[in-house]
Each structure stands twice: as C-alpha cells, then as structure tokens.
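Residue numbers start at 1 and run along the sequence shown.
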Amino acid sequence: MNAIGGINWKLPGEWIEWEIDVPEDGLYQIALKVKQDQLRGIYATRSLTINGEVPFKEMKRIRFNYSPAWQTQVLGSGEDQPYQFHLEKGKHRIRMTVTLGDIAPLLRTVESSVLELNEMYRKILMITSNSPDPLRDYQLERRIPEMMEVFERQADTLRSVADYLEKATGEQSDKVAVLHAMVLQLEDMAARPETVPKRLDTFKINVGGLGTWILSVREQPITLDYLVVSPPGESLPKAEASTVQQVKHELGAYVASYTEDYDSIGNVEQKKDAITVWITTGRDQAQVLKGMIDDSFTPDTDVSVQLRLVPPNILLPATLSGKAQM
C-alpha cells in the first residue's frame, strides 16, 4: 500500500516524479529503497533527471539488479563511491523514467534474429508443407543453400547475447535458458540438416519463445518505497526490519489476532438501520467499496453497512447446502 511502481511502472517512457525542498546549497547523495524481484537473470534500467535535465551521463542508465528483498541503493559507481549532486536551496523536481539502456541493442539483435529465422521457416515450409513426410529426404541443404549458414550465424548471435546477460548479472535464469535452447537446436539442425523437416514444430515453438522473450525483457518493473536526498556520508535507514522489530511486529500481530476482527472492513457507524454485506473479492476491492458506501450510500439512506470478507469457496457451498446463517 505504501510502495509505488512494480508492474505499474515497467514500460519504457513511464516516469515517477518527486518534488524535494533542499534546505541549503551543497552536494547531496540520492538513495532509494528499492526492490527488483521480477527480472531474474536480467536487470531493470532507469534514467534520472533533475528539473528536466540529466545531471551527468551516468544517470541515463541506472541499473537495478535482481533481488528478492528490499535494498537501500545509493546511486553511485560503487558502495563507497556515491555520486554527488549539486543542488541549490529551494524546490527541485527529481524524475525517474523507465528506459531500456544497455538492453536496447540486445533486443534489436534478437528481433533481427527472429525475423531471419521466421523467413527461413517459411522457406522450409514452402518445400515440406505443414505435414512433412518422415520417410522423405527433402534435401533442404541443396534446395536452400543458405540454410545452414543462417542457422550457424544466428546460433553464434544468440549465444553472444546469452553470454553477455550471464556476465552482466552473474547468474543463469529462465531468461537465458530460452536463448540457450534456441542455440542448441540451431547448431544441431546445422550439423544434421536431414532432421530439419521432422523438427519444424519444435523450431516454430522456439522461435515463438524468442518473440515472447523480447516482450518480457522489454518490461522493466521495479518497486520503490521511498527516495532519500541527504548529505554524503550520512547514515541511511535500513531497508529491512531488524530482528527486534520483526519480533515486536509478530507479537503484535499475535495479540491482534485475538482482539481485532480482520474480516470487517473499515469502521461501522451505528445508524437506526444496519445491514451486513458479505463480499468475496480481495481486501483492496473491499476497501474501495467500503469508501464508496461511506461517502454516498450511508449519508443518502441513513443505513449503516458492515462489510465482511468471506472466502469465495465457503459462501456458495454453505448457501446451497442450507447451512448458511444469515
């Protein structure tokens, strides 16, 4: 509820902007409490501007690597080398925009590979049809002389993209596995062209997987909790709760489980007439509905409404069996 971004801030060109009030002229560092837990094996990229201008070229491509946990990331070239931004006293606008950064040339490379492989698939299909005869030798290497050269070249191209991602992120993932699967098939078909007709379906699926890969990598989601502008060297809040804070929270939640009614949404203003409404949607939708009830329905009708959450797999069976208590 308190964070922003995630899947709602992932497409190139989307931006988030903050207005800050700097107390005095000087050099400042910028830190973010951030989590990038959507793109394993790849990284998300953002650009940063202050008052509509990029402070320096490093801010055109800010990289956020995969991490399942919240992090306090200080913008800089290293943990002990934060970038320093000169800000004058007064208000400033800091904007972060989704950008592809170094991923853009990789996407263009894979897109060109998909186009060429699709073209080769159509050429093969013109000879073999949709249902190739498994006992027939179509002699594709002779009828399509460039076929093996295309397979070998595209295998090298896709391997270079996969190697770059593995080196940049330091890990293997499903994002790279798609590329490796295509590379293995292309190399094997180039070495054994007589097997190409019977492998057309798998070839088509793998090429389609490359198209899906392009769409998924183009999305660059990260989640932000807050932004901190502070003098260099100033201590920053920890991204994760301490052990004491976690124990305190769990004890509080345990006590509240006996005293709080988590199924009721919002406060119930006591009116002369009152009704109880069962709802099977999520808590977020129920809170929106409760706000609409309190703003319009209750003032107009003088009827108070108690909104209660119930699991969707309980209400219907209980009603049909005649065991529901209204």
Side-chain angles (χ1 to χ4, degrees), residues 5-12 34-46 61-71 73 98-125 132 140 147-223:
I7 60 175
N8 296 319
W9 186 39
K10 63 181 181 180
L11 298 178
V34 64
K35 179 169 64 174
Q36 196 279 92
D37 60 347
Q38 302 291 324
L39 297 175
R40 183 159 194 168
I42 205 168
Y43 50 85
T45 309
R46 296 292 185 272
R61 299 176 180 178
I62 306 171
R63 182 180 299 182
F64 296 91
N65 292 322
Y66 174 84
S67 174
W70 287 99
Q71 302 180 49
Q73 180 170 334
V98 182
T99 181
L100 294 176
D102 295 332
I103 297 296
L106 298 182
L107 290 178
R108 287 193 292 268
T109 299
V110 177
E111 284 176 353
S112 64
S113 296
V114 170
L115 291 175
E116 189 166 11
L117 292 175
N118 271 326
E119 182 181 2
M120 183 55 59
Y121 172 78
R122 291 192 297 271
K123 289 182 178 180
I124 297 173
L125 203 64
L140 294 176
M147 182 182 70
M148 289 185 292
E149 188 270 333
V150 168
F151 287 163
E152 292 173 353
R153 184 176 71 253
Q154 293 304 330
D156 292 339
T157 299
L158 295 176
R159 183 188 295 106
S160 66
V161 174
D163 292 343
Y164 172 83
L165 290 176
E166 289 180 354
K167 183 178 180 180
T169 60
E171 62 178 351
Q172 294 183 341
S173 69
D174 59 322
K175 296 293 188 297
V176 181
V178 174
L179 301 176
H180 283 309
M182 189 77 254
V183 169
L184 289 176
Q185 185 180 39
L186 290 174
E187 289 180 338
D188 195 41
M189 289 194 304
R192 298 187 299 159
E194 70 278 3
T195 66
V196 171
K198 65 181 67 175
R199 303 167 70 177
L200 273 183
D201 288 341
T202 308
F203 178 57
K204 179 181 178 181
I205 292 173
N206 284 338
V207 175
L210 286 181
T212 304
W213 183 90
I214 293 171
L215 294 177
S216 63
V217 171
R218 186 175 179 270
E219 298 177 348
Q220 304 272 298
I222 65 172
T223 307

About how many Å separate CZ of Arg218 and CD1 of Ile214, when rounded to the nearest 0.5 Å? 11.0 Å
Would you check, one step at a time, whether the test side chain to side chain contact (heavy atoms under 4.5 Å, CB included) holds for Tyr43 with Asn65? CA-CA 5 Å; Tyr43 50 85; Asn65 292 322; 3.5 Å; yes
For the side chain to side chain contact (heavy atoms under 4.5 Å, CB included) test, which of Thr157, Leu186, Val161 pairs with Ser113? Thr157
Return the OG to CD1 distance between Ser67 and Ile222, rounded to the nearest 0.5 Å. 12.0 Å
Heavy-atom pair with the smallest gap, counting every atom of Val183 and Ala155: CG2-O, 3.6 Å
Closest non-hydrogen atom pair, Arg46 against Trp9: NH2-O, 2.9 Å
Nearest-0.5 Å distance that lies between atom CG in Leu100 and atom CG in Leu11: 10.0 Å
In this structure, which one of Glu152, Met148, Met147, Arg199 forms a side chain to side chain contact (heavy atoms under 4.5 Å, CB included) with Met189? Arg199
State which residues pass salt bridge (charged side-chain N to carboxylate O under 4.0 Å, His left out) with Glu219; sequence neighbours excluded, sorted by chain then number. Lys10
Taking Gln38's backbone N and O only, do any of them form a donor-acceptor pair with Gln36's side chain (distance below 3.5 Å, no angle check)? yes
Closest heavy-atom contact between Gly211 and Val114? N-CG2, 4.4 Å
Has the side chain of Gln220 got a donor or acceptor atom that lies under 3.5 Å from a matching backbone atom of Val98? no
Would one find more than 12 heavy atoms of other residues, nucleotides or ligands at under 6.0 Å from atom CG of Leu215? yes
Mind listing the closest non-hydrogen atom pair of Ala181 and Asn206 along with its distance? O-ND2, 4.4 Å
Does Lys198 reach the side chain of Pro132, with side-chain heavy atoms less than 4.5 Å apart? no
Glu194: what forms a salt bridge (charged side-chain N to carboxylate O under 4.0 Å, His left out) with it, not counting sequence neighbours? none
Validation row: His180, Leu158 side chains within 4.5 angstrom (heavy atoms): no
State, to 0.1 Å, how close Asp37 and Pro68 come at their nearest heavy-atom pair, and which atoms those are. CB-CA, 3.9 Å
With sequence neighbours left out, the residues meeting salt bridge (charged side-chain N to carboxylate O under 4.0 Å, His left out) with Lys175 are none
Is there a side-chain contact between Leu210 and Leu117 (heavy atoms, below 4.5 Å)? yes
Which residue pairs pass the ring pair (Phe, Tyr, Trp, His ring centres under 6.0 Å) test with at least one member in residues 196-223, sequence neighbours excluded? Phe151-Phe203
Sub-4.5 Å side-chain heavy-atom contact between Pro193 and Leu140: no
Under the salt bridge (charged side-chain N to carboxylate O under 4.0 Å, His left out) rule, collect the residues that match up with Arg192, sequence neighbours excluded. Asp188
Name the atoms and distances for all side-chain donor-acceptor pairs under 3.5 Å in residues 101-109, with sequence neighbours left out.
unit_1 : atom_1 : unit_2 : atom_2 : d
Asp102 : OD1    : Arg61  : NH1    : 2.5
Asp102 : OD2    : Arg63  : NH2    : 3.3
Thr109 : OG1    : Pro105 : O      : 2.9

Of the non-hydrogen atoms in Pro221 and Ala44, which two are nearest, and what is the gap between them? O-CB, 4.2 Å
Return the CD to CD distance between Glu116 and Glu111, rounded to the nearest 0.5 Å. 14.0 Å
